[in-house]
Every structure is written in C-alpha cells, then in structure tokens.
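Chain letters run A, B, ... following the sequence lines, proteins first, then strands; residues in each count from 1. Note that this is a predicted model, so its numbers are computed, not measured.
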Amino acid sequence: MTRVGAVVAALAVATLIAARPWESVPIQPLAFSHKVHAGEYEIPCLYCHVHAGRSAIAGIPSVDRCMGCHAIMKADKAEVKKIREYWDRQEPIPWIKIYDQPDFVHFSHKRHVLKGIACKTCHGAVETMDRVQKAVVLDMDRCVACHMEKKANIDCLTCHR
Amino acid sequence: MLMSQQINRRDFLKVLGVGGAATALVSCAAEPPETLIPYLIPPEEIIPGVATWYATVCRECPAGCGMLVRTREGRAVKVEGNPSHPVNRGRLCARGQASLQGLYNPDRVRQPLLRGDSGQFQSISWEEAEGLLVERLADLRRQGKAEGIACVSPLLGGSLDHLIGTWLAALGSKRRLTYEAFAYEPLRAANRIAFGRAVIPSYDIEAAELLLSFGADFLETWISPVAYTGAFATMRAYRDGRVGTSIYVGPRLSLTAANADEWVRIKPGTELFLAFGLIHVILKERLAPSIPQKEVQQLKALVKAYDPEAVAAVTEVPAGKVFRLARMFARARPGLAIGGGVAAASRNATATLVAINLLNYVTGNVGRTVRFGPNANLAKLATYRDMLSLVKAMDKGEVQALLLYGVNPLFTLPEAVGFRAALKKIPWVVSFAPFMDETTAEANLILPDHTPLESWGDYSPWDGVHGLMQPVMQPVFKTKAVGDLLLSVAKRVDERMAKEFPWPTFYEYVRDRWQELHRRLAPMKEFEAFWEEALRSGGIWKKARATPVRLSPEAFEMAFEPPELDGGVADAFHLLPFPSLLHYDGRGANRPWLQELPDPVTEIVWDSWLEIHPEAAKRMGIGEGDVIAVTSPHGALELPAHLHDGLHLDAVAIPIGQGHWAYGRYAEGRGANPLALLSPIPEATSGGLAWSATKVTLRKTGRRHPLVTVGGSSQQFGRGIAQAVSLAEMMELAKVGEGAGREAHRPKQIYPPHDHPEHRWGMAIDLNACVGCNACVAACYAENNIPVVGKERVAEGRIMSWIRIERYVEAQQLNRTDIRFLPMLCQHCDAAPCESVCPVYATYHTPEGLNAQVYNRCVGVRYCNNNCPYKVRRFNWFQYQWPEPLNWQLNPDVTVRTVGVMEKCTFCVQRIREAEDRAKDEGRAVREGEVTPACAQACPARAIVFGDLKDPRSDVSRLSRDPRRYQVLEQLNTQPAITYLKKIRQALE
C-alpha cells in the first residue's frame with residue numbers, strides 16, 4: 001500500500017470511529033422498554049409524560065411514577081431492581097434525550113397535543129421500540145411542511161424567540 | 001515522514017478530501033447528548049414549563065414594596081411589583097429587580113464560617129456553628145455577663161424584629177439597636193418639636209398642586225421612592241388646564257431636581273433661612289389661611305429678621321425669587337413642602353426641618369398633604385447617637401458578644417467613629433449576613449442567613465400595611481434563616497429560654513404573630529382562610545386614620561442657626577455625599593446590574609466620582625477624569641473628577657455606595673466611600689449623622705482615571721428627539737383634541753402597508769411621566785437574559801441594554817433647567833431600515849407588527865445596526881458568561897444568545913406568546929392589558945403603556961391619538977410603532 005493510501009485509510013477509520021455509528025441508538029441508564037409498557041400493556045403516553053397536554057414541556061416520568069407500579073410488579077427483574085436502587089439513593093434517573101431541539105427552538109407540546117396530533121407523528125412508533133431511537137428526523141423542514149399543510153402559523157417568532 | 005517525499009497532486013487532493021470530510025463528519029457526530037432529569041417526587045404546584053408566582057415583600061430598602069416573584073421549575077427568574085400592595089401598587093424600582101442578583105450572587109456566604117487561629121475563615125457545619133454560638137451565649141449567661149450581648153439589625157418592622165427583641169431580652173440583655181445608615185433622625189425630631197409626634201407622616205405628593213422639595217430626593221431614595229415616583233407622575237399629569245408644579249431647592253442637581261420644573265440653587269446648609277424667608281413673605285402679605293392669631297404673632301416674631309433681602313444674602317437665592325416662591329406656595333391649593341437630603345444632613349438639620357414644618361403649617365398643608373396617622377415605621381429606628389453610645393460601650397469593653405444582622409457599620413459609619421478599633425475589643429463577633437461585607441469580614445463566626453427571597457417573615461413599612469414574606473424557592477446554599485436559628489439556639493441555651501420560645505421554626509412564629517393581626521383586623525374570618533388570603537395577596541392592609549395635630553410651643557424655643565461646618569479652611573469645598581439611586585447606602589454595589597446601570601444624572605457606570613462645578617474646576621486646573629485627593633479633618637480619599645454644572649460653586653459631591661473593599665467581585669476596588677470622610681459628631685438635637693457638615697480640600701494627584709459613561713450626546717442638536725410643550729401650548733392642543741392634524745403631513749408611502757390580521761402591537765411612552773430612574777432597564781435585563789459586559793466593554797460602546805434612558809440637557813443655567821429623559825428602545829418600525837438590509841432575512845416584520853430578530857439565522861453582518869437611526873440593536877461581540885449561580889436567574893422562555901448574533905428589544909414577544917397561548921386555551925381573544933412587557937410592568941411612573949393598536953379602545957390606541965403625541969425622528973419616515981407624548985414644561989419665571 002502506498003504511503004498516501006495508508007494515510008487515507010487511517011483517516012477513514014478514524015472518521016468511522018469518531019462518528020460512533022454503534023451509538024446512534026443511545027444506551028439508557030436502565031433498559032426501559034416502550035414496547036413492553038406502551039405496546040404490550042398499552043399504557044397511554046400521557047400517563048408518564050404527564051405535562052404534554054398542559055405545558056410546552058412533555059415531561060419525563062418522575063421516579064415515583066415508576067415506583068408506583070414497580071415497587072411490587074416485576075420487582076425481581078434486574079432492570080427493575082435498578083429503579084429501586086435509584087429510589088433508595090434518592091437519585092433521579094439520568095435519561096438520555098433522544099428528540100432534542102436546539103435551545104433557540106421553543107416548541108410547545110401543549111399546542112400540538114390539544115390539536116389532536118398523535119405523539120407517534122413526531123416521535124415514531126415508540127410502542128414497537130425496545131430502546132427508543134430517533135425514528136423521525138425533526139428538522140425545521142418537517143415542521144414547516146406540516147404547519148403549511150394544517151394552515152398553522154408559520155411566522156418565525158412562533159418558535160424562534 | 002510524508003513531507004520529506006515528493007507528493008503528487010492527486011494524492012494531495014485525496015488526503016485533503018478525506019481529511020475535510022472526516023473533520024466535517026466528526027464535528028457533526030461528536031455532540032454530547034443532553035440528559036433528561038426527572039423529579040423523584042414531583043412537587044404538586046409546579047408544572048415544568050409553566051410559571052408559578054408567589055407574593056412576598058422586597059427588602060432591598062426600608063420602603064418595603066410588595067413583590068410578585070415568577071418562578072420556573074422551582075427557581076425565581078423575575079420579580080415584579082405586587083399590584084395589591086398599597087405602597088408600590090404593582091411597580092418596582094431597579095434595586096427591587098436586582099434582588100435576584102442578591103439571591104443568586106456568586107459571592108454569597110454558602111455555609112457557616114469560623115475564623116481560625118491563622119485569621120482565615122474555615123467552613124464548618126451548622127451543628128458546629130450553632131454549638132459554638134450556644135456555648136458562648138450560655139457561658140455569658142452563667143457568668144452573669146449577659147448584658148454584654150449586643151445585637152444590631154436594620155429596620156425589620158415585623159415578626160423578626162419582635163423575635164430578636166424578646167430573644168435578646170430573655171438572654172438578659174437590653175443592648176438592642178435597629179440601625180440604618182439613613183434613619184431620618186432630623187425629620188423625626190422636627191416633627192416631635194413642631195407637632196409633638198416623633199414620627200414620619202404620610203406625604204400626599206399626588207394631591208399637591210405645588211411640591212416644594214428642600215433637598216428631599218423622593219424619586220431616588222427618600223423614604224418610599226417607588227410610591228412617590230408614581231404619585232409624582234400623577235401630580236404632573238395634565239388635568240383641566242393645569243399640571244402640578246414641582247420645585248427643588250438644593251445645592252446639587254439630583255435626579256429629583258432634574259425632573260422638577262425649577263431647580264433653585266442654594267448655598268448648602270442655608271435651606272432653613274429660605275424657609276423662613278418664605279414664611280416671612282407669606283405672613284407679611286397675609287397669604288396664609290386662618291391660623292390662630294397668637295401663632296401668627298409668634299411666627300412673625302420668629303421670622304422677623306428674614307426678609308427676602310437678608311435671605312438672599314445668606315442663601316444666594318435672589319430676593320425676587322424668594323418673593324415669587326412664597327406667593328406661589330401660598331396660593332397652591334394645596335401645596336406641600338418636604339425636606340431631606342442635604343437640608344436634613346447639616347448640623348442645623350432639625351432646625352431646617354422644623355422651619356419646613358412651619359411653612360407647611362402656615363399654608364394649611366398639615367392635615368391635608370401632610371397627614372399624621374398613617375406613619376412610616378422608619379421612625380422606630382434608633383439614632384446615630386445611639387449607635388455612638390454602643391461604640392463607646394464597645395470601646396470600654398462592656399460588650400462581650402456582638403451579633404450583627406443586615407448591617408455594615410464599618411462601611412456606613414464615618415471612620416472617625418472608631419468602629420474598627422472598638423470592634424477589635426469585642427471577644428466574640430457574630431454575623432448573620434448572607435454576603436461577606438466589610439463588617440462581616442471582621443467577624444469571628446458567620447452564620448449566613450437566607451436572602452429575603454428564601455425567607456418567611458413580614459414587614460410593615462407604614463401603619464396599617466402588613467406585608468407577608470414567603471420563600472419563593474428552596475435555599476440556594478446551605479444557609480439558615482435567622483429566625484429559625486434564634487429559636488433553635490434559644491432551645492439549647494437553657495431550660496428557661498427553651499420554655500419561652502417553644503416555636504419549632506420561624507414559620508410557626510410568624511403565623512402566631514399573624515393570629516394577633518387576624519384578631520384585630522379580620523376576626524370574622526377563619527384564621528386559615530385569612531392566612532391563605534394574606535399569602536396570596538402578599539399581606540393585609542387596613543387604612544390608618546389620619547389624626548389632627550397641633551403646633552407645639554416647642555417649635556418657637558428652637559435655636560435657628562446657620563450650620564457649623566467641619567474643616568472650614570480657605571479653599572475648602574462643602575462636601576455633599578448623596579445616597580445613590582442604584583446603591584442606596586452601598587448595599588446594592590455587589591449586584592452587577594446595578595453597577596452596569598448608569599447613574600441617571602451623570603450616566604457614569606461601574607465607578608464613583610467627585611462632582612465639581614466646571615468653573616471651580618477651571619480655577620483649580622482640574623480636568624474631567626483627573627484623580628483628586630479629597631481630604632477632610634477626619635480622613636482622605638482619591639476619586640476622579642467629574643465636571644457637573646448642576647452644583648453650587650462652593651460644593652463638591654460624591655455618591656454614596658462605592659468604595660467597598662470586601663463585598664464581592666463586583667463591588668470591590670471601585671470608587672471610594674465618602675462616608676469615611678465625615679465628622680463623627682452627631683447633629684445636636686436629633687442625634688443623627690450630619691453627613692453634609694464637612695468641608696474638604698482638594699489636591700490634584702497628577703494621575704488620571706477616565707470615567708466611563710454609556711455614551712451618546714447630551715445635546716439634541718435640533719433633532720427633536722425628546723420634545724416638550726409649554727403649558728400654554730398644551731392648553732391649545734387640548735382644545736383641538738385627539739388625533740389633531742398630523743396625518744396630513746404623512747409623506748407618500750412607496751411600499752404597501754403591512755397586513756395585520758389579528759393584533760398590531762404598539763407602545764406609548766409619556767415623557768411627562770418618565771423620571772429617568774432606569775427601573776425599566778433593570779426589568780428588561782432580568783426578563784430577557786441580557787448580559788452584563790463590564791466597565792471596559794461599556795467604554796467601547798458595547799453595553800447590551802435593549803432599552804436605555806437617554807438624557808438630554810436642553811438648558812442647565814442658573815435660571816432655567818431643562819433636562820429630558822427619554823426611554824429609547826427598538827421602535828418596531830413599519831418601514832424598518834434594518835429589515836431591508838439583512839442579507840439572510842434574519843430580521844423581518846411579523847404579521848403582529850413586531851420587528852423580529854431570528855437569532856439562529858443571523859450571521860453577524862451588522863448592517864442592520866448600521867442602518868438603524870435609533871441605534872437600538874446590540875451585537876454579541878463575545879460569548880458572555882453568567883457565573884454560577886447567576887445563570888439560575890435566566891428566563892427559560894428567552895433564548896440566550898451566542899457570540900456573533902444581533903439582538904434587540906422584542907416587545908417581550910415571549911409574554912405576547914404566553915398571553916396568546918393562554919387565550920387560545922380558553923378559547924377567547926387576548927384581552928386589553930393582558931400583555932405587559934417587562935419595562936412597562938416595572939415603571940413606577942407608569943410612563944410606558946403597551947397594547948393592541950388594532951383595538952381602537954385600548955389605552956395605547958387612545959394615547960397614540962393624544963394631542964401631545966409625536967414620534968422620534970419622524971422625518972425619517974420609519975413609521976415606528978411607538979408613540980411618545982411630549983413633556984409639559986412650565987416656565988415659572
């Protein structure tokens with residue numbers, strides 16, 4: 001192999017390592033499965049993500065919401081034991097955010113939920129996922145397209161302030 | 001290795017290509033993921049993303065305004081005035097806004113500190129700290145030395161005051177002192193002497209037709225500035241062919257003087273004789289209403305020698321003016337004379353204020369605009385003389401333990417008092433201060449209190465007004481409420497004290513005290529309902545009845561003499577220290593907003609200075625920025641000179657509040673403290689500190705220290721930016737009425753008008769109300785995450801304030817003062833010059849009439865600011881930082897801008913969106929008055945009005961048709977959404 005070829009190959013490998021493709025589905029602190037909870041048990045989204053219908057922020061379930069069931073249910077399973085451990089340590093579970101928008105985007109869950117837009121429209125078929133991954137790319141293009149279709153406000157200040 | 005070989009072009013391009021792609025991919029993929037942190041148990045009253053409001057009381061000064069605090073996710077992010085509170089009625093000053101920077105100050109004491117043998121402070125636990133305090137106090141009790149325990153606190157006016165008092169008494173000590181740097185002793189004494197009541201009455205500024213202020217800076221720090229600013233604005237409003245008139249008598253052009261219709265420059269300390277001169281003329285010309293003949297004779301005898309010529313000789317106020325003032329004041333129905341500032345800080349302060357009382361009495365104002373009954377609790381303070389007694393006791397070794405709470409005597413007492421040396425004689429000094437200040441730095445043990453926003457409590461500034469304080473969030477640091485601490489210590493000192501103080505925490509104590517209030521004021525209600533209501537509305541208020549007073553014969557037994565001055569050598573100047581609107585007595589200096597806000601009169605930031613008249617400066621060869629050594633018989637300091645026309649030639653002035661050496665990073669090493677130079681001798685009659693009784697000599701040091709101002713010219717150069725009309729013109733305009741012919745002059749528009757389907761937001765700013773206090777600027781900083789840039793950046797013109805107060809000096813001569821304050825912010829022009837020049841369309845006009853700035857589109861070309869004629873756009877030249885925990889104050893509804901983007905006023909679009917959001921939830925339209933930007937919300941003078949211009953009945957629409965209306969730089973045809981209302985000027989001569 002030529003010297004140049006070696007350099008090119010090295011750069012390519014380095015890029016691949018840096019891009020971390022195996023991490024495109026982030027690993028959460030404990031293996032919560034939406035497939036089990038939302039799919040099998042059909043728990044409604046708003047049971048855990050309580051604020052979606054009344055605030056800009058949808059909210060992540062508090063540890064006591066998990067403990068509400070898991071103090072007793074499936075308490076022998078390894079992953080469920082982890083919830084109890086967090087609870088006993090009085091430490092919140094540090095979930096990794098999948099659907100994140102930049103700080104200059106002010107999105108309101110309330111407005112969209114109250115309009116009857118299903119959660120899976122933007123978050124994908126979460127009830128089929130064991131580990132949540134970004135099923136839908138939420139770029140501005142997508143937002144504007146839907147806004148134009150539904151005749152919602154497309155003024156910049158609606159989201160950017 | 002590679003470079004030593006010859007590399008051919010193709011290989012080079014391959015490497016470059018892959019390397020470039022690699023860099024791009026790596027930088028795109030390498031962002032760390034954000035985490036979502038849930039609650040463990042969510043608090044019931046918090047919905048993340050929705051604000052929760054709490055009512056409490058502002059404790060930044062003794063005025064005690066009611067406050068509503070907006071919290072997000074358990075963090076206080078904005079404070080506003082409480083509309084129900086009778087003192088401020090929903091408005092708040094700049095200091096009130098900056099209370100958040102007290103709460104989140106990075107230099108707060110975060111846990112108890114104990115001074116070790118090395119002299120350094122070490123952190124200790126609360127257990128240990130409390131234990132030490134209990135041990136010390138119990139020891140003193142056992143040894144029978146409990147009277148050696150002294151406690152000094154500021155005016156606490158409520159439960160905490162009562163607790164400290166009873167607690168100290170139970171310990172066995174009577175050494176309790178309530179100390180404030182500004183305690184209005186001469187005013188209290190003057191009221192005792194003239195009317196037999198040592199109180200501070202209510203002054204009805206709103207009702208006065210002529211307000212004559214002898215040095216009282218009621219728009220800045222005097223007694224209750226937010227309330228008085230509101231009253232002042234109402235007084236000046238045009239009603240039935242008249243406006244209220246205000247005249248300021250004093251040696252220095254303060255902010256209050258700048259807003260008066262006339263500034264009467266007087267020789268400092270001679271205000272007494274002017275007051276007598278006015279009484280002389282009023283009695284001689286029989287302009288006084290019916291007061292008993294006996295009193296008329298007594299008064300005539302008293303003021304016999306003070307005919308206008310004699311008065312002119314002493315005061316340097318022309319005799320003609322004395323005649324004119326007297327006649328105007330007597331004719332006013334009603335008038336009001338108030339005294340403060342320099343007039344209340346000379347050695348003849350009490351005599352001066354008695355004379356002013358007599359002036360009010362003679363013209364029948366007592367009982368009308370001066371009402372005894374609803375009195376200020378400021379009168380309950382100890383005097384400066386009491387403080388001196390304590391220092392003497394300290395010196396003699398009589399004080400075994402000194403407990404300091406919320407006071408900084410090492411800074412606020414004159415150095416010559418010898419507080420520092422006396423402090424060293426005390427074996428055990430304990431401070432409960434939340435901040436490390438000068439006095440706390442000398443303590444042995446620091447047990448840091450919560451800041452007021454984290455505390456339970458109550459505060460009563462006036463009779464009948466009981467404000468209730470509640471914590472708006474969990475404590476930021478490991479501090480402990482003083483009330484809780486005292487109760488806990490009481491339980492551990494000994495059995496007897498434990499029995500006397502059974503309340504587990506201060507919260508229960510406050511509730512118990514309010515049981516008493518409940519019995520007195522609302523016995524029909526259930527206590528719990530009463531308590532809930534008080535928490536929700538911020539307190540309970542019951543109008544205190546005014547009681548009549550009679551003139552006391554003691555008034556005639558006073559000695560009315562010219563003031564004695566210390567340090568009167570040749571070429572000495574009369575030193576006028578003045579309390580600063582921003583720093584008060586120095587307590588505001590550690591809040592960065594208050595440092596960055598310009599002094600309203602001089603526009604200087606981040607400094608203090610020596611004001612000197614340009615003529616005097618010329619005589620001494622002093623230029624602007626020259627460092628001058630200022631020496632009094634009691635001390636010396638150095639300050640840069642600032643040439644200020646608004647000063648008596650024999651006087652120099654220094655603002656109080658800077659010159660800290662141990663008060664945090666923002667306050668330390670700035671300016672100098674004029675209080676250090678003063679004579680320690682109290683004013684004889686009242687026992688107050690005569691802080692305007694010292695003369696100083698000046699000497700050039702040869703060094704220079706340029707002062708930084710916020711820039712901009714003080715001259716209008718005929719541009720008609722801040723416009724005014726005379727009273728006569730106003731009456732003409734009023735006849736013509738609303739909407740008077742301006743449309744006719746509208747030039748032809750090239751572009752079609754904007755379409756506003758729903759709302760069109762606009763603003764009206766009344767220059768007749770604006771006093772230039774900068775409350776709006778502070779509120780904007782708090783609401784919109786505006787960074788503080790520091791002195792050097794301000795010097796470069798890079799201050800980031802979205803709204804600024806422009807100060808134009810139209811005239812500043814002996815007979816005519818015309819200073820105009822104009823709030824300038826983004827005008828949201830219909831034909832905005834900035835919109836058409838942005839190459840990336842980051843700024844555009846929204847369908848609701850706003851000029852929008854989209855931060856993420858902006859690439860930093862800065863052509864928009866170049867084109868803006870109002871120069872209201874601000875560029876982020878740097879990535880500004882908020883040191884922890886100041887960043888807790890950031891408003892989550894407003895984007896924090898990064899380096900390289902433009903920003904400017906958005907008419908608080910986040911508040912507009914919030915109101916529209918709420919209206920949509922409730923299925924209705926946005927109501928008039930529902931949207932209030934931060935600046936409009938804060939203004940104590942109610943000068944700024946915001947609303948929907950599409951609604952013809954809204955306040956803003958009405959004001960945009962007002963006869964006084966105009967727009968700034970109208971001739972440029974930018975078609976702003978902001979209408980200004982011209983100031984009404986009266987030519988009084």
Side-chain angles (χ1 to χ4, degrees), chain A residues 2-12 14-21 23-24 26 29 50-51 54-67 86-87 90-98 100 102-106 108-111 114 140 153 155-161, chain B residues 1-2 5 7-8 10-12 14-15 17-19 21-31 33-42 47-50 73 841-844 846-848 850 852-857 892-898 901 906 908-910 912-913 917 920-921:
Chain A
T2 64
R3 291 253 168 79
V4 173
V7 171
V8 169
L11 275 170
T15 308
L16 274 169
I17 295 172
R20 290 193 287 260
E23 258 188 49
S24 59
V50 292
H51 302 298
R54 54 184 159 187
S55 167
I57 298 172
I60 199 95
S62 51
V63 182
D64 80 334
R65 182 130 298 212
C66 306
M67 286 299 283
Y86 275 105
W87 177 257
Q90 289 283 283
E91 193 188 305
I93 305 168
W95 302 106
I96 297 179
K97 200 169 186 184
I98 309 296
D100 189 19
D103 285 345
F104 49 78
V105 177
H106 296 266
S108 169
H109 274 95
K110 173 168 73 162
R111 283 271 73 83
L114 291 181
M140 184 170 158
N153 206 337
D155 180 44
C156 306
L157 285 189
T158 311
C159 309
H160 295 296
R161 16 189 161 106
Chain B
M1 170 208 76
L2 201 61
Q5 288 184 315
I7 181 166
N8 73 33
R10 252 185 217 170
D11 290 337
F12 178 76
K14 271 185 215 160
V15 173
V18 177
T23 314
L25 276 171
V26 164
S27 57
C28 278
E31 239 185 65
E34 266 195 35
T35 46
L36 283 171
I37 308 293
Y39 281 112
L40 282 166
I41 303 173
I47 298 177
V50 176
E73 288 89 60
Y841 204 58
T843 180
Y844 71 101
T846 73
E848 293 195 341
L850 260 54
Q853 178 70 30
V854 184
Y855 306 122
N856 43 307
R857 277 193 82 87
D893 288 334
V894 176
T895 309
V896 178
R897 285 75 63 188
T898 51
V901 303
T906 60
C908 280
V909 63
Q910 66 279 4
I912 298 174
R913 298 292 301 128
D917 186 59
K920 201 157 192 180
D921 282 346

**Prompt:** Hey, are the side chains of B:Pro33 and A:Pro26 touching, using non-hydrogen atoms and a 4.5 Å cut-off?
**Reply:** no
**Residue pair B:Ile41 / A:Asp64: nearest heavy atoms and the distance that separates them** = CG2-OD2, 3.7 Å
**Request:** State plainly whether the residues A:Asp103 and B:Arg897 are in salt-bridge range, i.e. N to O under 4.0 Å.
**Result:** no
**Item:** Which atoms of B:Thr906 approach chain A - backbone, side chain, both or neither, heavy atom under 4.5 Å
**Value:** neither
**Complete:** Under 4.5 Å to a heavy atom of chain A? For B:Tyr844 that would be side chain
**Message:** Rounded at 0.5 Å granularity, tell me how far SG in A:Cys156 sits from CZ in B:Arg857.
**Reply:** 7.0 Å
**Prompt:** Of all heavy-atom pairs between B:Pro38 and A:Pro61, which one has the smallest distance, and what is that distance?
**Reply:** CB-O, 3.2 Å
**NZ/A:Lys97: more than 12 non-hydrogen atoms of other groups inside 6.0 Å** = yes
**Asked** Quick one: are B:Pro847 and A:Asp155 in side-chain contact, heavy atoms under 4.5 Å?
**Response** yes
**A:Leu157 versus chain B, the contacting section by heavy-atom distance below 4.5 Å** = both
**Asked** Any chance the side chains of A:His106 and B:Thr895 put a donor and an acceptor closer than 3.5 Å?
**Response** yes
**Asked** What distance separates B:Ile37 CD1 from A:Ile60 CD1, expressed to the nearest 0.5 Å?
**Response** 9.5 Å
**Asked** So which part of B:Asn8 gets closer than 4.5 Å to some heavy atom of chain A, the side chain, the backbone, both or neither?
**Response** neither
**Message:** Would you compute the distance between atom CD of B:Glu73 and atom CD1 of A:Ile57 and round it to the nearest 0.5 angstrom?
**Reply:** 5.0 Å
**Asked** Any donor-acceptor pair under 3.5 Å linking the side chain of B:Thr35 with the backbone of A:Pro94?
**Response** no
**Request:** Against chain A, label B:Leu850 side chain, backbone, both or neither, depending on which of its atoms sit under 4.5 Å from a heavy atom there.
**Result:** side chain
**Item:** Side chain, backbone, both or neither of A:Gln90 within contact of chain B (heavy atoms, under 4.5 Å)
**Value:** both
**Prompt:** What part of A:Arg54 is in contact with chain B, defined as an atom under 4.5 angstrom from a non-hydrogen atom: side chain, backbone, both or neither?
**Reply:** both
**Prompt:** Roughly how far, to the nearest 0.5 Å, is the CD1 atom of A:Ile98 from the CD atom of B:Glu34?
**Reply:** 12.0 Å
**Request:** Over all heavy atoms of both residues, which pair between B:Leu40 and A:Trp87 is shortest? Give the atoms and the distance, please.
**Result:** O-CZ3, 3.7 Å
**Item:** Least distance between heavy atoms, A:Arg161 atom then B:Gln910 atom
**Value:** CD-CA, 4.3 Å
